[in-house]
Amino acid sequence: VQLQASGGGLVQAGDSLRLSCAASGRTFSGYGMGWFRQAPGKEREFVSGISWSGTSIYYGDSVKGRFTISRDNAKNTVYLQMNSLKPEDTAVYYCAVGKSSLWRAADMDYWGKGTQVTVSS
């Protein structure tokens, strides 16, 4: 199983970025897909998750109203549209796949390698 994340980069505060994560190597029917992030010296933090059907969507409090998650099951791909970025959004962003609806890092089944997002002030 491989999760390939892309779309990170260096932007200024207020800018937008769109992350993508393509999953391959097995059938992901019934699996939720989501994003976590980890800043230096901090624990991995839940950002957003979306159920297989797309009908259940979750966001961490710090990104509500600014980030939007979506998925394309035909492409086994999850997206994260990040608007109004802030310096505190700076982190490595990891995509993850799992069947748990609790969206805890320990419950996720597969992880990507991460993509760096840096927001300058």
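In this chain, residues are counted from 1 in sequence order. Note that the structure is a prediction, hence the values are computed from the model and not measured.
Remark: Arg104 pairs with Leu102, Asp107 by the side-chain contact (heavy atoms from CB on, under 4.5 Å) rule, at least two apart or across chains. Every residue meeting the side-chain contact (heavy atoms from CB on, under 4.5 Å) condition with Lys86, not counting sequence neighbours, appears here in chain and number order: Arg66, Glu88, Asp89. For Thr55, the side-chain hydrogen bond (donor to acceptor under 3.5 Å, both in side chains) partners at least two apart in sequence or on another chain are Ser53. Residues meeting the side-chain contact (heavy atoms from CB on, under 4.5 Å) test with Ser16, sequence neighbours left out: Gln81, Asn83.
Other residues sharing a hydrophobic cluster with Tyr58 under the 4.5 Å side-chain heavy-atom criterion for ILVMFWY residues are Phe36, Phe46, Val92, Tyr94, Trp103, Met108, Trp111.
Screening residues 40-56 for salt bridge (Lys or Arg N to Asp or Glu O under 4.0 Å) gives Arg37-Glu45 as the qualifying pairs, with residues at least two apart or on separate chains. Pairs passing the salt bridge (Lys or Arg N to Asp or Glu O under 4.0 Å) check and including a residue from residues 12-32, sequence neighbours excluded, do not occur. Judged as a disulfide (SG to SG under 2.5 Å), the pairs with a partner in residues 18-59 (not counting sequence neighbours) are, in order, Cys21-Cys95.
When every heavy atom of Met33 is checked against every heavy atom of Ala23, the shortest pair comes out as CE-CB, 4.1 Å. Of all heavy-atom pairs between Leu3 and Ala96, the closest is CD1-CA, 4.1 Å.
Between the CH2 atom of Trp35 and the CG atom of Leu19 there is a distance of 4.5 Å, given to the nearest 0.5 Å.
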List the atom pairs, donor and acceptor, that lie under 3.5 Å between side-chain atoms in residues 67-78 and the rest of the protein, sequence neighbours left out.
residue	atom	partner	partner atom	Å
Arg71	NE	Asn73	OD1	2.6
Arg71	NH1	Tyr31	O	2.9
Arg71	NH1	Ile50	O	3.4
Arg71	NH1	Ser51	O	3.0
Arg71	NH2	Tyr31	O	3.3
Arg71	NH2	Asn73	OD1	3.1
Asp72	OD1	Ala74	N	3.1
Asp72	OD1	Lys75	N	3.4
Asn73	ND2	Trp52	O	2.9
Thr77	OG1	Lys75	O	2.8

Can you give the donor-acceptor pairs under 3.5 Å from side chains of residues 114-121 to other protein atoms, not counting sequence neighbours?
residue	atom	partner	partner atom	Å
Thr115	OG1	Gly8	N	3.2
Gln116	NE2	Ala91	O	3.4
Gln116	NE2	Thr118	OG1	3.3
Ser120	OG	Val11	O	3.3

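Residues Tyr79 and Tyr59 do not share a hydrophobic cluster, clusters being chains of Ile/Leu/Val/Met/Phe/Trp/Tyr side chains in contact below 4.5 Å.
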